[in-house]
Asks: 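Before I ask anything, let me first share the structure, which is written out below as structure tokens.
Chain letters run A, B, ... following the sequence lines, proteins first, then strands; residues in each count from 1.
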Amino acid sequence: MGLTSGLAGLASLRGLALAAPVPVFAVAGFGTRTAVQDLRLAREIELVDTPRAAALLLIAGSINPAHAEALARVHDQMPHPRATVLWGGSAVPAPFSPEVTRVPWGEDPTPAAREIFRSLLNGSRATEPPLLPDVDPVEWRGVGPYGQGGSGMTGGTPYGRPMAELAPDRDGLRLDALPLEIGPFYPRLPAGLVVEMTLAGDVLIEVAVPAGLDRPPDEGPRRPIPASPFERALTEPVRIAELELARARAHLRWLSDALINQGLVALGTRALRLAHDIGPGDAPRIRAFTRQLGRTGLFRWSLPHGQGVGAERIAGAGLGPLSRAAGLAEDVRTEDPAYRALGFRPVVMAGNDVPAWWRVRLAETAESLDLAARAGEADTALVGRVESPRGRLEPDDSPTARALPLVPELLTGLEWGDAMTTLTSLDLDLDESVTAASPALAATA
Amino acid sequence: MIPTPLVDAAFFVFAAGAIVTGYRVFRTDSMVRAAFYLLASFSAVGGILVLLGSEFLGMVLLLMMAGEMLIMAIVMVMYMMNPAGLNPMTMVHQNRVAAVAGLAAFLALAAVGLLGDFPDRPAPQPALATEELGIELLGDSMLVFQTAGVTLLSTMIGAVAIAGRRGRSGSAEDGSIEPALQPDEEDAA
Amino acid sequence: MNVYAPIQIALPAVALTLALGVYLVAVADRVMAGVIAGSGPELRAAMLTPLRGAALAFLQWRRATERPDAGGWALAPALLGGLAAFALALVPLGPGLVVADADTGFVAFSAAIAFVMIAVYLHGWSPNSALPLHGAYRYGAQALSFQIPFLLAMLATALPAESLSIVRIVEAQATLWNVVREPVGLPLYLVVGLGVSFWGPLNMPDATDLAGGTSAEDSGVARLLWGAARASMLVAVAAMGAAGFLGGWFGPFLPGPVWMILKTLALLGLILAAGHLLARIRIELFVLVSWAILIPLALLNVFVSGAFLL
Amino acid sequence: MSTEAVLIAAAALFGIGVYGALSQQSFVMLMMGLELMINGAILALVVLWARAAGGNPQGQMLAIVFMTVMAVEMALGFALITGVYRVRRADITEKLRRLKG
């Protein structure tokens, strides 16, 4: 093979690669969760689970400044050639260069992503250098008998890495335990959620959620744009049809993420597509989809049974589907005369575990669409609190803020897969919690 | 059939591979690497067995060792204080004696191999070898075969009894004495 | 070992079959995903995207983790792909059309399957990172559980053939396919086939809840190769299933090799569809089912097949 | 591939195994030495079966017995290591001064 044909081969390789869907690792900042989720439907973009598979880092909205370093670490894990795109958001997180490409909020980031991808592969745009210095977490050079930073067999910090500690496992043996922190950009968790855990084998023996996760970003909007109907319902009457359609869509969006966690990526995309397609009166479609999910073995072999918290423990907490799956008929809508006039009755089940949470949400999705079809022009009559898809939402209190303290007790003792399933099945939304805690909103209420 | 020079070349590659990886087992710091080197050594021996016409044994050796070495790696990571070999360690004792003993064993056995006078009666073609082994297993050597099976069964039961939390006589934690761990520096010295 | 094909024909033949198979798996998987996701088959995109993605992988740099076992990391995809090629070489396409008709083809195939867990463990262990390592241990638990039911399910096919040779196993199905003779065998084999190629409901080492598991740290060509090796394992498993249970080259009207290819494609389709339509099983449940249900079931299968022969 | 060459390779494997079994402190590494010794033994056995015993199937039978021994050694070895670790938290031979539980 001559030089020219070799070059031609390389050129055609590049030509082929240029037409590939852009592999994007997307990070959803405050209030951008649904927009980032919708990128999964974009044909030009391929959302990837790990920065190692990405060419572009898409940062949507404003990031909690406490997570800027973690974000830089995500950036540095991407293979060259790589680039960053900022979508909406007002501030560039600290280690990132201010010259990062920006796409205004409300504009589709796909053309910009495609253009940057093209210039990266062409070589007309230089790949981004690492943002963080390459330093060891602990100074170790020259320490110890071999200069490896350790001492003896299990002492010191060889090569800057602490040795494992022992912890009892469930069989009564004392074995190495692995401390691990996942988040704030773990693809299966809502953006911003951090879970600190200690693993003994595949079992979580210690779980903690650090405080301050629902701190609002320093700059940029404090509320999602546009405001969700649930948020508006706190201060003004809202069409019930609109509210219930939004509830069905929120449940389907949760379902999409949760299905992907169970390995059903195509069906998860289908759920996301449904979230866009459905309208009032589409309840039969949801019921058909529910039946299809039943045939995947989801409830039989994929979701852990009997892993809920006690009903008495969450009584009065207003955790929406979680409460109702524990047999508690807690629903703000029952207090609303407008809903009562429609003959609304909450979906209550008695499973109190992950499959029951799923069943309640699926049943509520269909019920909401029925309600939306029946409600006509009716408005909500109750102002000041509202039943969000996750539970009772009040100006200074959100269901996510109330559910977060349950995470450690729910996850401790579970196998990793079950723990991740339980975590995604909780449907936590830190944005909602930030908005509820935001003083601006509390003042208007 | 594969031509003889090819067989010879394959044998030398396998034999060198088996010996080198076998030696590397005791010369690596990482426990997982040690298990994989041992597996490589076994795989090479399995290859030689196939070359020798004992296809069945070679393949069974590979089949068995793959599972065994995975378990070995996991057991070592479980119980070793320093499974990744982050701290350099010399976990050997009586190194000189052992080396001499190993060399002596090698020389003695090699001498037997070189000086011994073995009859030249080659085995039949592989197809027949596998079939004959099958007939032998379930014919004349049935008793041996069954004994091996029963031995394995009792091993399984015994292993579970020894390793289980409820040991042979009551809970393993009761009445046990935990020795004082010597300072780690002493071990390394 | 009887080698029918000279090595200069056999090697390219196996490599070409695998390359075609891998491409086919990638296309079919995309088409199915599109149909199930509700965006339509999009055939043109499905045919081009795998090629484009592969081209991109060649342009991306590989990135290492901190202090990885570089040798092991590079070896893992090669080992998995090599095992797939080895397994495929044992499968006869038609009477006399086989790369290596080993007298112990069945044992050789089982050995290849056993080595898959070494490849996966190596792939997860060598990057020196938490999520891949977790995936590796998960696969250890999973693979050790399905080894025995797998061996027993395959063993039942060797009984009517009175031989361990794959060719003889196919020949014994001239009148009656094994799928009819031992109805439990094929489902058992497919369960294990999913596990060996860690696909769909049994994709535990590279699962979505581990953000990619053992391949979470792979980038560029390494990622591409690992995906290709997995897909080629799937092809080898489907081909062996067609030979062992669906009567191999036997079938009316069409020539033998065509039947063999059709049956392999049918099994591939079945496995790929299962990948999209079945949820991932919980590892604890899988281990329990393997030891407590699949092994007795597989044993029963062997006894029943044996009883028919008496 | 002469019989002698194979026997020398087998002797080398056995010798390395002897060295490992005698020199290693860790239980599992010690077992690796034993495994290597059996490995060499199987190799010698099979070459003699193939070249000198006229294909008497009992030669292969003996190799199968060796493999059984290997499996038994591994299983019991791991079980003992687990048992010892459970009680004494020891993983090297020096820490076991008494064998009584």
Asks: Drop me the distance from A:Y186's OH to C:D209's CG, to the nearest 0.5 angstrom.
Replies: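 Separation between the atoms: 6.5 Å.
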Asks: With chain A as the partner chain, list the residues of residues 47-54 of chain C whose heavy atoms fall under 4.5 Å from it, by residue number, and write 'none' if nothing qualifies.
Replies: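 Contacts with chain A: C:T49, C:L51, C:R52, C:G53.
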Asks: Need one label for A:L267: side chain, backbone, both or neither, based on atoms under 4.5 Å from any heavy atom in chain C.
Replies: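 Both parts, backbone and side chain.
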Asks: Please classify the contact of A:P51 with chain C as side chain, backbone, both or neither, using a heavy-atom distance under 4.5 Å.
Replies: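 It is neither, since no heavy atom gets under 4.5 Å.
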Asks: Are the side chain of A:W416 and the backbone of C:R138 linked by a donor-acceptor contact shorter than 3.5 Å?
Replies: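 Pair absent, no side-chain N/O of A:W416 close to backbone of C:R138.
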Asks: Just so I understand: if I count every heavy-atom pair under 4.5 Å between each of C:R223, C:E284, C:E217, C:M204 and chain A, which residue has the most?
Replies: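 Greatest number of close heavy-atom pairs with chain A: C:E217.
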Asks: So which atom in C:S39 and which in A:R273 form the shortest heavy-atom distance, rounded to 0.1 Å?
Replies: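 Taking every non-hydrogen atom into account, CB-NH2, 3.3 Å.
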Asks: Identify the residue among A:Q77, A:H80, A:R52, A:M78 that makes a side chain to side chain contact (heavy atoms under 4.5 Å, CB included) with C:S219.
Replies: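 Passing option: A:R52.
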Asks: For C:A211, which atoms come within 4.5 Å of any heavy atom of chain A: side chain, backbone, both, or neither?
Replies: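 The answer is both parts of C:A211.
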Asks: Hey, could you give me the CD1/CG distance between C:I283 and A:D418, rounded to the nearest 0.5 Å?
Replies: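 Atom-to-atom, C:I283:CD1 and A:D418:CG are 10.5 Å apart.
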Asks: Looking only at heavy atoms, which of residues 186-203 of chain C get nearer than 4.5 Å to chain A?
Replies: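 So far as heavy atoms go, nothing in residues 186-203 of chain C approaches chain A to under 4.5 Å.
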Asks: Could you state the interatomic distance from CZ (A:R300) to CG (C:L278), rounded to the nearest 0.5 Å?
Replies: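 The CG atom of C:L278 is 10.0 Å from CZ of A:R300, to the nearest 0.5 Å.
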Asks: Based on non-hydrogen pairs under 4.5 Å, which of A:A19, A:G297, A:G417 is most in contact with chain C?
Replies: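 Top count of heavy-atom pairs under 4.5 Å with chain C: A:A19.
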Asks: Quick one: do A:Q292 and C:L277 satisfy side-chain contact (heavy atoms from CB on, under 4.5 Å)? Show the steps, please.
Replies: CA-CA 9 Å; A:Q292 183 174 7; C:L277 292 174; 4.0 Å; yes
Asks: Look at atom CD of A:E206 and say whether more than 12 heavy atoms of other residues, nucleotides or ligands are closer to it than 6.0 Å.
Replies: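 Atom CD in A:E206 is not packed in, count stays at 12 or less.
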Asks: Identify the two heavy atoms, one from A:L264 and one from C:H276, that lie closest to each other, and give their separation to 0.1 Å.
Replies: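 For A:L264 and C:H276, the tightest heavy-atom pair comes out as CD2-O, 3.4 Å.
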Asks: Is A:V48 in contact with chain C via its backbone, its side chain, both, or neither, using a 4.5 Å heavy-atom distance?
Replies: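 No part of A:V48 comes within 4.5 Å of chain C.
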Asks: Quick one, A:S302 and C:I281 - any side-chain contact, counting heavy atoms below 4.5 Å?
Replies: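 A:S302 does not reach C:I281 side chain to side chain.
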Asks: Chain C heavy atoms under 4.5 Å from A:L199: which part of the residue, side chain, backbone, both or neither?
Replies: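 Looking at A:L199, just its side chain touches chain C.
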Asks: I need the C:L131 CG to A:T50 OG1 distance, nearest 0.5 Å.
Replies: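 Taking CG in C:L131 and OG1 in A:T50, the distance rounds to 9.0 Å.
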Asks: If I measure from the heavy atoms of chain C, does A:A54 come under 4.5 Å with its side chain, its backbone, both, or neither?
Replies: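 Just the backbone, heavy atoms under 4.5 Å.
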Asks: What part of A:R43 is in contact with chain C, defined as an atom under 4.5 angstrom from a non-hydrogen atom: side chain, backbone, both or neither?
Replies: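 Side chain only.
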Asks: Check whether any side-chain N or O of A:R270 sits under 3.5 Å from a backbone N or O of C:I36 as a donor-acceptor pair, and report yes or no.
Replies: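 Yes, the answer is positive, given that a donor and an acceptor are paired below the 3.5 Å cut-off.
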Asks: Is it true that a side-chain atom of C:T208 and a backbone atom of A:N261 form a donor plus acceptor pair closer than 3.5 Å?
Replies: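 Yes; at least one donor-acceptor contact below 3.5 Å.
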Asks: Tell me if a side-chain donor or acceptor on A:T269 pairs with a main-chain N or O of C:A37 at a distance below 3.5 Å.
Replies: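 Side chain of A:T269 to backbone of C:A37: no pair is present.
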Asks: Taking every non-hydrogen pair under 4.5 Å, which of A:A53, A:P187, A:A271, A:A55 racks up the most with chain C?
Replies: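 Most pairs with chain C among the choices: A:A53.
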Asks: Under 4.5 Å, counting heavy-atom pairs only, tell me which of A:A419, A:P79, A:P23 racks up the most with chain C.
Replies: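 Sorted descending by pairs with chain C, the first entry is A:P79.
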Asks: Please walk me through it: do C:R282 and A:E415 pass side-chain contact (heavy atoms from CB on, under 4.5 Å)?
Replies: CA-CA 9 Å; C:R282 298 173 53 227; A:E415 185 270 332; 5.9 Å; no
Asks: Start with the C-alpha distance between C:L56 and A:F117, add both sets of side-chain angles, then the distance that settles side-chain contact (heavy atoms from CB on, under 4.5 Å), and finish with yes or no.
Replies: CA-CA 11 Å; C:L56 175 62; A:F117 181 63; 3.6 Å; yes
Asks: Side chain, backbone, both or neither: which part of A:F299 has an atom under 4.5 Å from a heavy atom of chain C?
Replies: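 Contact with chain C: none, neither part.
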Asks: How long is the straight-line distance from CZ of A:R14 back to CG of C:L59, given to the nearest 0.5 Å?
Replies: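 The distance works out to 5.5 Å.
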Asks: Counting only heavy atoms closer than 4.5 Å, note whether A:L121 contacts chain C via side chain, backbone, both or neither.
Replies: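 Just the side chain, heavy atoms under 4.5 Å.
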Asks: To the nearest 0.5 Å, how far apart are CD in C:Q60 and CZ in A:R82?
Replies: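 The CD atom of C:Q60 sits 11.5 Å away from the CZ atom of A:R82.
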